[in-house]
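First comes the structure, then the notes that go with it.
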Amino acid sequence: MARRSGAFALVAALCLLELARRGLADEPAVPAMFVFGDSTVDVGNNNFLANCKLVCRANYPRYGVDYPFQSPTGRFSNGYNLADQIAQNLGFDKSPPPYLSLPDVTIISQMSKGINFASGGSGLLDSTGGAVCTEVFNMSAQVQSFTSAVQKMGNGTADLISKSLIFINTGSNDLFEYTDIPSNTTRNDTEFLQSLVVFYKSHLKELYGAGARKFSVVSPSLVGCCPSQRAIARAKNDLDGYGCYRAANGLSRQLYPMLDSMLRGLAADLGGMRYSLADSVRMAELIFNGTVLPGANFTVLDKPCCGGGGGTGVCNRTAALCEDRRAYLFWDNNHPTEAASRVAALELFADPGVFVHPINVRELAELRT
Ligand SMILES: *[C@@H]1O[C@H](CO)[C@@H](O)[C@H](O)[C@H]1NC(C)=O
Ligand SMILES: *[C@@H]1O[C@H](CO)[C@@H](O)[C@H](O)[C@H]1NC(C)=O
Ligand SMILES: *[C@@H]1O[C@H](CO)[C@@H](O)[C@H](O)[C@H]1NC(C)=O
Ligand SMILES: *[C@@H]1O[C@H](CO)[C@@H](O)[C@H](O)[C@H]1NC(C)=O
Ligand SMILES: *[C@@H]1O[C@H](CO)[C@@H](O)[C@H](O)[C@H]1NC(C)=O
Ligand SMILES: *[C@@H]1O[C@H](CO)[C@@H](O)[C@H](O)[C@H]1NC(C)=O
Ligand SMILES: *[C@@H]1O[C@H](CO)[C@@H](O)[C@H](O)[C@H]1NC(C)=O
């Protein structure tokens with residue numbers, strides 16, 4: 001039953017997308033889009049961090065093998081990532097450019113079209129990513145860069161910022177790092193997740209304070225199902241029914257309702273705030289349950305297309321590469337393929353209420369503020 005309703009949601013979503021495309025033929029649905037978060041939506045910010053380690057960069061082949069001109073832009077994908085695909089659904093060519101690539105003098109003019117602040121390895125906690133990457137553009141720095149850019153623009157920006165879409169995908173790296181803590185240390189999962197939600201809330205409030213009103217928030221997916229986490233699960237003998245890391249997936253499942261209730265509360269408190277929350281846990285379940293989706297037929301769900309190595313391999317110039325990238329859910333050991341994020345983008349944009357609440361991104365974009 002659940003499987004059927006999921007597949008139905010996607011068929012309906014495809015129809016809605018056609019309607020949406022027609023409506024949006026001329027102009028994007030929002031004046032600008034601002035992106036925050038981690039490697040699922042980074043389009044090259046990490047390329048500009050001098051101390052960011054190679055494992056937290058994607059600006060070398062085989063990244064980008066399906067991107068125009070096969071450019072390794074810093075996207076952790078074979079092609080376009082989720083930020084690009086949401087932007088495309090809204091009527092843009094792709095994600096706005098990475099903030100750290102912009103010369104100071106261009107920031108004000110670029111603000112009217114949108115900027116991407118996301119950084120691979122970062123999380124809700126500013127300390128997340130430090131150990132793995134040495135340097136990331138942390139969430140507080142992402143948000144502060146946005147608010148100071150808004151201030152630089154001065155008067156007359158309120159309308160632009162309030163009509164624009166704020167797109168956020170973060171939290172997975174916090175969960176990865178938490179599950180890495182040795183099991184003989186005392187931990188309280190609920191307390192940890194509550195602290196993540198507190199940080200999420202304060203970042204959202206700061207964005208709201210700068211004039212943002214339309215928020216698309218993506219909850220962390222079943223992070224324990226990445227090939228790298230499946231390897232850890234095997235080593236620790238902590239497998240769930242999908243052959244994934246039970247502890248990590250448990251955190252994702254516990255976090256979603258907490259984010260949901262935080263957003264409900266925040267929207268009730270902050271006048272004019274509107275949001276769309278994507279339940280990535282259920283979206284992932286649908287795929288792991290074996291549902292064949294319209295326009296997507298993933299046959300390899302547990303191995304990466306690039307750099308296998310039983311979950312520990314590196315995707316680089318010499319790594320083995322799969323032939324049919326559209327058949328793979330994972331591009332490398334930690335990131336989805338372009339095909340997988342396209343499915344997610346379509347759901348976020350046009351889902352009629354199964355995976356995205358209380359409204360989808362198309363509806364959010366079209367609201368008058
Ligand atoms: C977050 O980034 C800011 C700006 O780069 C930096 O000053 C701060 O130390 C970072 N925080 C942590 C905990 O790394
Ligand atoms: C913005 O407008 C307010 C009141 O209209 C004025 O006091 C302020 O100086 C203006 N700021 C800028 C940066 O123009
Ligand atoms: C936890 O175990 C590791 C080795 O597995 C040990 O080095 C460490 O001291 C232990 N920590 C505590 C708090 O017992
Ligand atoms: C974990 O933290 C929560 C929230 O602070 C608390 O209610 C709960 O009792 C704690 N659990 C344990 C086992 O300490
Ligand atoms: C996936 O299958 C599980 C086990 O049958 C079920 O509990 C869950 O609701 C399904 N999820 C979706 C999104 O279909
Ligand atoms: C999905 O792909 C597999 C392998 O290529 C194929 O056997 C199967 O028939 C396809 N299913 C659908 C519904 O297209
Ligand atoms: C690619 O990664 C493999 C495995 O980590 C490593 O042995 C090889 O040297 C790397 N190749 C390049 C060109 O960096």
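Remember, it's 1-based here, ligands and their atoms both numbered in the order they're listed. Note: hydrogens, waters and symmetry copies are ignored here, and every other heavy atom, side chains too, is used.
- Short contacts between ligand 7 and N316, defined as distances under 4.0 Å to a heavy atom of the residue, involve ligand atoms 1 (C), 2 (O), 3 (C), 8 (C), 10 (C), 11 (N), 12 (C), 14 (O).
- With Y178 as the aromatic partner, R187 meets the cation-pi criteria of under 6.0 angstrom to the ring centre and within 45 degrees of the ring axis.
- In terms of protein heavy-atom proximity, atom 14 (O) of ligand 1 is nearest to D126 O, 3.7 Å.
- Among the atoms of R317, none of the N or O lies under 3.5 angstrom from an N or O of ligand 7.
- For atom 9 (O) of ligand 7, no protein non-hydrogen atom is found at a distance below 4.0 Å.
- Under 4.0 Å is where a charged nitrogen must lie from a carboxylate oxygen, and between R75 and D84 at least one such pair does.
- Between E206 and K201 there is no salt bridge, since no side-chain N of the basic residue sits under 4.0 Å from a carboxylate O of the acidic one.
- Under the 30°/60° scheme for interplanar angles, the aromatic rings of F146 and F36 are found to stand perpendicular.
- When distances from atom 5 (O) of ligand 7 to the protein are checked, a heavy atom turns up under 4.0 Å.
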Quiz item: Could you walk me through whether W331 and F76 pass the side chain to side chain contact (heavy atoms under 4.5 Å, CB included) check?
Solution: CA-CA 8 Å; W331 160 244; F76 296 78; 5.9 Å; no
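- Cation-pi contact between R274 and F215: absent, since separation from the ring centre below 6.0 Å together with deviation from the ring axis within 45° is not met.
- Counting protein heavy atoms under 4.0 angstrom from atom 2 (O) of ligand 1 gives one or more.
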Practice item. Show your working on ring pair (Phe, Tyr, Trp, His ring centres under 6.0 Å) between Y67 and Y80 and close with a plain yes or no. Key: CA-CA 6 Å; Y67 195 82; Y80 290 114; 5.0 Å; yes
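- Atoms of ligand 7 found under 4.0 Å from any heavy atom of T318 (numbered from 1 in listed order, with element): 1 (C), 10 (C), 11 (N).
- Near N138, meaning under 4.0 Å from one of its heavy atoms, ligand 1 places the atoms 1 (C), 2 (O), 3 (C), 8 (C), 10 (C), 11 (N), 12 (C), 14 (O).
- The pair R325-D66 meets the salt-bridge criterion, with a side-chain N (NZ, NE, NH1 or NH2) lying under 4.0 Å from an Asp/Glu carboxylate O.
- Here is the list of ligand 5 atoms found below 4.0 Å of a heavy atom in N289: 1 (C), 2 (O), 3 (C), 8 (C), 10 (C), 11 (N), 12 (C), 14 (O).
- Heavy-atom contacts of E285 reach the following atoms of ligand 5: 8 (C), 9 (O), 10 (C), 11 (N), 12 (C), 13 (C) (cutoff under 4.0 Å).
- Residue contacts with ligand 5: R282 is placed with no nitrogen or oxygen under 3.5 Å of a nitrogen or oxygen of the ligand (distance criterion only).
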